[in-house]
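All remarks here apply to the structure that follows.
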Amino acid sequence: MSQPLLTLDFLDKAAAPEHAPSGEVRVSAATRTGRPRSLYIESYGCQMNFSDSEIVSSILYDEGFDLTEDLATADLVLLNTCSIREKAEQTVRMRLKQINSHKKRRPGMLVGVLGCMAERLKSKFLEEEKIVDLVVGPDAYRDLPQLISQVDGGQKGVNVLLSREETYADITPVRLNSNGVSAFISIMRGCDNMCSFCVVPFTRGRERSRDAHSILQEASNLVAAGYKEVTLLGQNVDSYKWTSADGTEHVNFAQLLESVALISPALRVRFSTSHPKDITDEVLHTMARHENICKYIHLPAQSGNSRVLALMNRTYDRPWYEDRVRKIREILGDDCAISTDMIAGFCSETEEEHEDTKSLMEFVRYDMAYQFFYSERPGTLAARKLADDIPLETKKRRLQELIDIQQLHSAERNKRGVGQVHKVLVENFSKRSKEHLSGRNSQNQVVIFPKQDFVKGDYVNVLVHSSSASTLLGEAVA
Ligand code: SAH
Ligand code: SF4
Ligand code: F3S
């Protein structure tokens with residue numbers, strides 16, 4: 001390893017950055033009352049957005065806002081939005097219509113749009129959606145208090161400036177999306193990759209990595225508060241790269257991952273998303289060295305055809321992707337789960353090229369896949385340079401073919417888990433019965449079993465006796 005591994009020593013040292021999150025862990029505050037105003041926040045899109053809503057809640061909690069789960073009585077309603085596909089934007093527009101009916105009843109209610117749609121549409125949003133008072137992009141959340149007072153003064157509030165530095169490293173998120181067992185930690189923001197179909201580089205700006213010390217501090221605080229799992233988040237975690245202000249410390253993703261894993265053997269570490277061009281053997285070896293780094297890699301391929309991948313500007317081709325998968329199997333064994341994202345019907349994709357995506361799926365036999373048909377996004381490279389020329393019915397048919405294949409592979413993968421003992425971290429009751437608990441194994445498969453005396457946060461060895469495409473069923477063994 002070329003660079004010294006970042007350790008936890010800093011926790012005892014005066015060298016700890018002053019802005020690292022305090023020892024506090026903020027849990028969902030829906031029960032806190034008696035503050036002057038209340039905030040209702042709803043999130044759409046990727047985990048990064050859900051994680052950002054926790055930061056926004058923290059900023060506004062410090063401004064005197066209670067957090068509420070009741071939209072009807074909230075003083076401030078924020079939608080943290082996603083622009084990734086047209087449908088995602090339509091969902092938010094529909095939701096704004098519903099919110100409008102509340103606002104008619106309670107005209108004092110403020111409505112704000114945050115996140116990627118705010119960034120994409122900017123002040124155009126205020127013209128298009130009359131009920132919106134605030135439009136705030138993903139790098140401008142610190143400005144929310146100021147913008148809200150502007151709205152209180154009768155104006156609209158807009159800030160969609162993107163930043164090259166903002167990582168919100170010093171803000172302790174309010175754990176809205178947490179069951180007290182598992183939490184998200186954002187380790188980087190933005191994306192520099194410019195995949196031709198993707199709006200994210202435009203809505204989230206340039207890639208930047210968060211101070212490694214503040215990440216370790218946040219993870220340590222979570223462990224101290226009883227959390228058992230953290231997911232390190234970024235659009236492209238494998239390109240994480242942080243250098244301290246004095247230039248003496250350099251931390252890459254493998255080193256960060258190892259440092260988080262070393263905090264406690266009882267803490268599970270997950271991460272998402274890995275870009276196939278960036279995931280290194282060093283990361284895979286780090287995963288192999290630590291039992292508590294989950295054996296699950298989300299490695300979006302997007303297509304199985306090299307010409308389409310080049311048009312998508314993914315910067316790898318099919319042989320490269322296959323080689324990464326072989327390396328994962330070689331270093332981590334067949335035990336490591338792999339999932340993907342696939343886009344059906346990208347510009348000019350032929351039937352043969354679509355068949356290549358199917359054959360890549362057969363080659364990898366993914367544990368899970370998020371699949372979409374191509375949705376042209378204004379301003380992207382593809383929208384500017386390529387014709388969106390695959391008819392909708394064809395896109396949908398191709399997508400369905402991919403979904404059908406994945407169903408078979410997911411079921412096959414789950415079936416392989418039958419007869420084996422899985423170490424399950426209990427997260428909740430099963431959706432169907434309070435007599436059963438639900439948790440996940442290292443490979444991210446959901447496992448359900450009779451509760452006995454186990455509780456949320458326990459690690460339980462479960463012997464699996466049956467499976468479906470989505471879950472494993474079993475019972476606890478010693
Ligand atoms: N950073 C991640 C992806 C984030 S977006 C990565 O590079 O893998 C999540 C997924 O949405 C993408 O992987 C892609 O499959 C899908 N997606 C993005 N833009 C899309 C578009 N214009 N149409 C359809 N699907 C899209
Ligand atoms: Fe979008 Fe590509 Fe960046 Fe992922 S890596 S967020 S798909 S531009
Ligand atoms: Fe959507 Fe923005 Fe995430 S476009 S997928 S919320 S980064």
Side-chain angles (χ1 to χ4, degrees), residues 42-53 56 79-92 113-121 137-139 160 162 184 186-208 233-240 271-279 297-304 308-309 311-316 321 324 338-347 349 357 366 368-384 386 388 390 392 395-396 398-399 402 406:
E42 210 167 86
S43 312
Y44 296 82
C46 63
Q47 291 169 328
M48 299 286 302
N49 247 17
F50 284 77
S51 168
D52 279 1
S53 292
V56 168
L79 299 188
N80 196 356
T81 61
C82 173
S83 287
I84 202 82
R85 285 167 291 275
E86 197 182 348
K87 191 154 166 275
E89 293 202 350
Q90 281 165 356
T91 308
V92 168
V113 174
L114 313 179
C116 293
M117 265 177 101
E119 196 59 52
R120 197 177 83 72
L121 295 159
D139 288 345
V160 289
L162 288 171
F184 298 135
S186 282
I187 64 163
M188 60 198 298
R189 298 180 72 81
C191 182
D192 283 350
N193 281 327
M194 288 309 226
C195 300
S196 63
F197 52 80
C198 185
V199 80
V200 172
F202 302 93
T203 61
R204 293 256 162 187
R206 298 304 297 270
E207 195 169 284
R208 65 222 97 120
L233 289 183
Q235 288 299 349
N236 183 6
V237 287
D238 296 86
S239 71
Y240 177 89
F271 57 89
S272 184
T273 296
S274 293
H275 194 297
K277 81 172 160 58
D278 292 316
I279 189 162
I297 300 175
H298 185 53
L299 194 70
Q302 314 297 359
S303 165
V308 174
L309 286 169
L311 281 182
M312 288 175 163
N313 202 21
R314 287 293 284 183
T315 69
Y316 55 85
Y321 188 91
R324 291 288 79 206
I338 306 177
S339 61
T340 189
D341 295 345
M342 291 293 192
I343 298 179
F346 186 64
C347 310
E349 182 191 66
T357 298
Y366 292 105
M368 217 257 298
Y370 298 98
Q371 292 152 313
F372 317 95
F373 62 77
Y374 173 58
S375 163
E376 186 177 86
R377 308 311 294 132
T380 55
L381 274 171
R384 284 183 278 140
L386 306 169
D388 179 13
I390 308 298
L392 186 60
K395 286 181 182 175
K396 286 187 171 167
R398 290 182 188 170
L399 173 61
L402 302 185
Q406 188 52 47

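Counting convention: from 1, in listed order, for ligands and their atoms alike.
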- Message: Taking D139 first and then R189, would you say they form a salt bridge - that is, a charged N and a carboxylate O separated by under 4.0 Å?
- Response: yes

- Item | Close side-chain approach of V237 to S274, heavy-atom, < 4.5 Å | yes

- Task: Would you tell me whether S51 and S186 have side-chain atoms, one donor and one acceptor, within less than 3.5 Å of each other?
- Result: yes

- Message: Under 3.5 Å, is there a donor on one side chain and an acceptor on the other for D278 and N236?
- Response: yes

- Could you list the residues that satisfy side chain to side chain contact (heavy atoms under 4.5 Å, CB included) with A369, not counting sequence neighbours? T340, Q371, Q406

- Let me know which protein residues bring a heavy atom to under 4.0 Å of ligand 2; chain then number is fine for ordering. C191, N193, M194, C195, F197, C198, V200, P201, Q235, H275, R314

- Verify whether one side chain among H298 and S339 offers a donor that lies under 3.5 Å from an acceptor in the other. yes

- Backbone of N49 reached by a side-chain donor or acceptor of N80 within 3.5 Å: yes

- Message: Between R377 and E86 (salt bridge meaning N to carboxylate O under 4.0 Å), is one present in this structure?
- Response: no

- Query: Rounded to the nearest 0.5 Å, how far does CD of E42 lie from OG1 of T81?
  - Reply: 11.5 Å

- Task: Kindly say whether Y374 contributes a backbone atom to a donor-acceptor pair with the side chain of K395 at under 3.5 angstrom?
- Result: yes

- Query: Any salt bridge between R204 and D192, counting N to O under 4.0 Å?
  - Reply: no

- Which of parallel (below 30°), tilted (30 to 60°) and perpendicular (above 60°) describes F346 and F197? perpendicular

- Message: No waters, cut-off 2.8 Å: how many protein N, O or S atoms are close to atom 3 (Fe) of ligand 3?
- Response: 1

- Task: Would you check ligand 1 and list the protein residues that come within less than 4.0 Å of it by any heavy atom, ordered by chain and number?
- Result: I84, R85, F197, Q235, T273, P300, Q302, R314, D341, I343, F372, F373, Y374, S375, R377

- Item | R85 NZ/CZ over F372 ring centroid, <6.0 Å and within 45° of normal | yes

